[in-house]
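Contents: one structure, followed by commentary.
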2 protein chains.
Amino acid sequence: MTAIRGARERARSEITEAIKAEARKQLAAEGAAKLSLRAVARELGMASSALYRYFPSRDDLLTALIVDAYNAVGEAAERATTGLRGPDAARPVARWTAICTAVRDWALAHPHEYALIYGSPVPGYRAPRTTTEPAARVGLALIGVVRDAHTAGALKEPAQPLPDAVVGDALALGAELGVELPGAVLARLVGAWAQLFGLLSFELFGQFNRVIEARTEFFEQAVLELARSVGLSTPR
Amino acid sequence: MTAIRGARERARSEITEAIKAEARKQLAAEGAAKLSLRAVARELGMASSALYRYFPSRDDLLTALIVDAYNAVGEAAERATTGLRGPDAARPVARWTAICTAVRDWALAHPHEYALIYGSPVPGYRAPRTTTEPAARVGLALIGVVRDAHTAGALKEPAQPLPDAVVGDALALGAELGVELPGAVLARLVGAWAQLFGLLSFELFGQFNRVIEARTEFFEQAVLELARSVGLSTPR
DNA sequence: CAAAAACGAGAGCAGTGCTCTTGCTTTGGT
DNA sequence: ACCAAAGCAAGAGCACTGCTCTCGTTTTTG
């Protein structure tokens with residue numbers, strides 16, 4: 001139904017995409033704060049008022065960029081595991097680090113888009129329903145690795161006990177996602193997920209300046225530690 | 001010399017402080033993006049151009065707020081350990097968690113100021129030299145706990161080996177700070193420091209919505225895990 | 001006491017997000 | 001095939017922003 005729906009709809013989606021592309025360009029050049037609708041329109045050779053037919057407000061444009069960015073990291077994370085060949089394709093730790101480094105590579109390549117989604121929320125407050133699903137993709141990729149390790153019997157459950165409230169949240173989350181994992185593992189998984197982006201944010205936002213120079217080695221080491229914390233056994 | 005240096009200088013510092021106070025008020029109400037110099041001047045009953053005698057640009061005002069915010073968290077972190085009484089005052093893990101929860105409490109009480117310093121960098125790029133020292137205070141407080149535990153012989157060094165480059169960075173950092181700690185411990189300390197703010201950012205920026213409800217328990221659990229990762233032995 | 005520096009206020013510039021009105025083009029029902 | 005309805009682009013305009021410049025006034029300083 002969407003194939004031959006008239007020239008107008010095709011033009012609309014093309015222009016919408018062109019606007020987003022130009023906005024992404026300005027985002028990469030100057031950051032979200034300096035992204036200007038008028039400048040986008042100017043660059044596209046259209047009146048600024050015409051742009052409002054496609055995005056009712058600046059925040060809506062940003063939201064669209066946010067969704068795209070979440071999908072871009074999410075896809076990078078998902079592709080990281082499917083691209084593994086040889087024995088690494090089955091080793092949980094290798095899959096785990098592949099995802100984490102893919103996310104880091106994406107972040108280093110698109111720092112302003114990273115800042116858009118994992119930095120401070122730009123407008124008053126956002127998070128329309130449409131962002132929550134793409135936002136979960138990286139987390140789901142990580143969960144997938146641990147789930148597979150669990151079903152393969154390669155998961156070492158942590159001994160340390162957790163508060164009931166935390167385990168309860170974790171089990172509720174597992175039920176919602178339809179994932180069969182011990183509460184303690186899921187809880188640590190959420191923690192590792194947050195800590196992964198803590199490392200990335202510190203690196204990207206400059207907190208590691210004059211502190212850590214061997215960023216890649218440091219990151220991979222920390223990621224191995226995170227894998228261990230969720231029960232994936234490290235080699236050697 | 002600064003005491004009775006004329007009424008003008010006193011007025012100047014008073015007005016400077018009033019500007020920052022009003023700016024902080026607007027920051028808390030609307031966020032950094034909507035902070036407007038003109039609105040601050042209006043609220044203070046002065047011409048907007050007069051404000052430029054005190055802060056040469058909007059970014060300079062923001063930088064001043066950033067420095068203040070870093071000092072505020074830093075002070076909260078430092079005060080957390082000195083306020084401990086009884087046996088907890090000597091237990092490293094108790095001091096560690098006290099610092100972390102103090103930082104979290106400050107962040108929850110001042111979310112927009114937290115976003116200002118640990119969210120995405122707002123202008124093109126900032127980090128004038130004046131911000132780096134206050135920015136280090138929380139990290140130094142954490143290092144202090146581990147250093148004390150080390151000299152008291154209560155530190156369990158991690159067995160896992162680290163890449164040479166990482167250990168090298170860590171030792172250089174330790175030398176610069178004048179702190180005697182094994183490279184592996186220092187490296188893990190930096191990681192824990194970054195991960196702490198990863199947890200806080202995810203909580204404050206809404207990534208835990210519909211994921212974790214028992215935020216406090218979750219945080220304290222994660223913080224205990226971080227303490228363990230740097231070699232502080234958990235009780236029981 | 002006079003020169004110099006600091007200060008406050010106003011006007012003004014270029015830029016922004018967003019709205020409203022005015023014409024034009026494509027679409028879809030009869 | 002026609003014609004109303006809907007979608008669209010453009011321009012003018014409003015209220016706001018950061019920032020600069022000028023012009024009197026006040027305070028400090030030599």
Side-chain angles (χ1 to χ4, degrees), chain A residues 1-20 22-23 25-27 29-66 116 121-126, chain B residues 1-20 22-23 25-27 29-66 116 121-126:
Chain A
M1 266 302 178
T2 66
I4 189 92
R5 183 83 178 167
R8 188 155 231 171
E9 296 217 355
R10 195 166 62 237
R12 178 169 185 87
S13 75
E14 264 178 33
I15 296 183
T16 304
E17 215 52 46
I19 292 172
K20 287 202 289 184
E22 177 60 33
K25 202 169 128 191
Q26 297 197 11
L27 186 68
E30 296 269 24
K34 308 225 167 173
L35 198 169
S36 141
L37 289 193
R38 290 182 112 113
V40 170
R42 208 178 304 134
E43 210 66 22
L44 261 50
M46 64 197 322
S48 65
S49 55
L51 212 149
Y52 285 81
R53 299 261 172 204
Y54 299 87
F55 295 95
S57 81
R58 184 179 186 273
D59 279 8
D60 288 276
L61 213 202
L62 280 179
T63 302
L65 295 181
I66 287 171
L116 194 60
V122 204
Y125 260 104
R126 53 177 169 130
Chain B
M1 264 300 177
T2 66
I4 188 92
R5 182 84 179 167
R8 189 157 229 169
E9 296 218 357
R10 197 167 61 237
R12 179 170 185 85
S13 75
E14 264 178 31
I15 295 183
T16 303
E17 215 52 46
I19 292 172
K20 287 202 289 184
E22 177 61 31
K25 202 169 128 191
Q26 297 196 12
L27 187 68
E30 295 270 25
K34 308 225 167 174
L35 198 168
S36 141
L37 290 193
R38 290 182 110 112
V40 170
R42 207 179 305 135
E43 210 68 22
L44 261 49
M46 64 196 321
S48 64
S49 56
L51 212 148
Y52 285 82
R53 302 261 178 211
Y54 299 88
F55 295 94
S57 82
R58 183 179 187 272
D59 280 7
D60 289 276
L61 213 201
L62 279 180
T63 301
L65 295 182
I66 286 172
L116 194 60
V122 206
Y125 260 104
R126 50 170 172 134

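Just so it is clear, the structure is predicted and the values come from calculations on it, not from any experiment. All chains are named by letter (A, B, ...) in the order of the sequence lines, taking the proteins before the strands, and each is independently numbered beginning at 1.
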Open item on the list: What's B:Leu35 touching, base or sugar-phosphate or nothing? Going by heavy atoms closer than 4.0 Å.
Closed with: sugar-phosphate

Open item on the list: Heavy atoms from C-beta onward define the side chain here; which of C:dT16, C:dG8, D:dA9 lies closest to that of B:Ile15?
Closed with: C:dG8

TODO: Remember a base hit wins even if backbone is also touched, and classify B:Ser49 as base, sugar-phosphate or nothing at under 4.0 Å, heavy atoms.
DONE: base

Open item on the list: Among C:dT19, D:dG18, C:dG8, which nucleotide has an atom closest to any side-chain atom of B:Ala50?
Closed with: C:dG8

Open item on the list: What contact category does A:Leu51 fall into here, base, sugar-phosphate, or nothing, at under 4.0 angstrom with non-hydrogen atoms?
Closed with: nothing

Task: Out of C:dG8, C:dG17, D:dG18, whichever nucleotide has its closest atom nearest the side chain of B:Arg53 - done: C:dG8

Task: Flag for A:Asp60-A:Ser57: side-chain donor and acceptor within less than 3.5 Å - done: yes

Task: Residue A:Arg58, side-chain atoms from C-beta onward, closest of D:dC8, C:dC18, D:dG18 - done: C:dC18

Open item on the list: Mind checking if B:Tyr54 touches a base, just sugar-phosphate, or nothing, with heavy atoms under 4.0 Å?
Closed with: sugar-phosphate

TODO: Using whole Å, report how far CZ of B:Arg10 lies from C1' of D:dT28.
DONE: 15 Å

Task: Contact under 4.0 Å: A:Arg38 side-chain N or O vs D:dG11 OP1/OP2 - done: no

Task: Any N/O donor-acceptor pair, A:Arg12 side-chain to D:dG7 base, under 3.5 Å - done: no

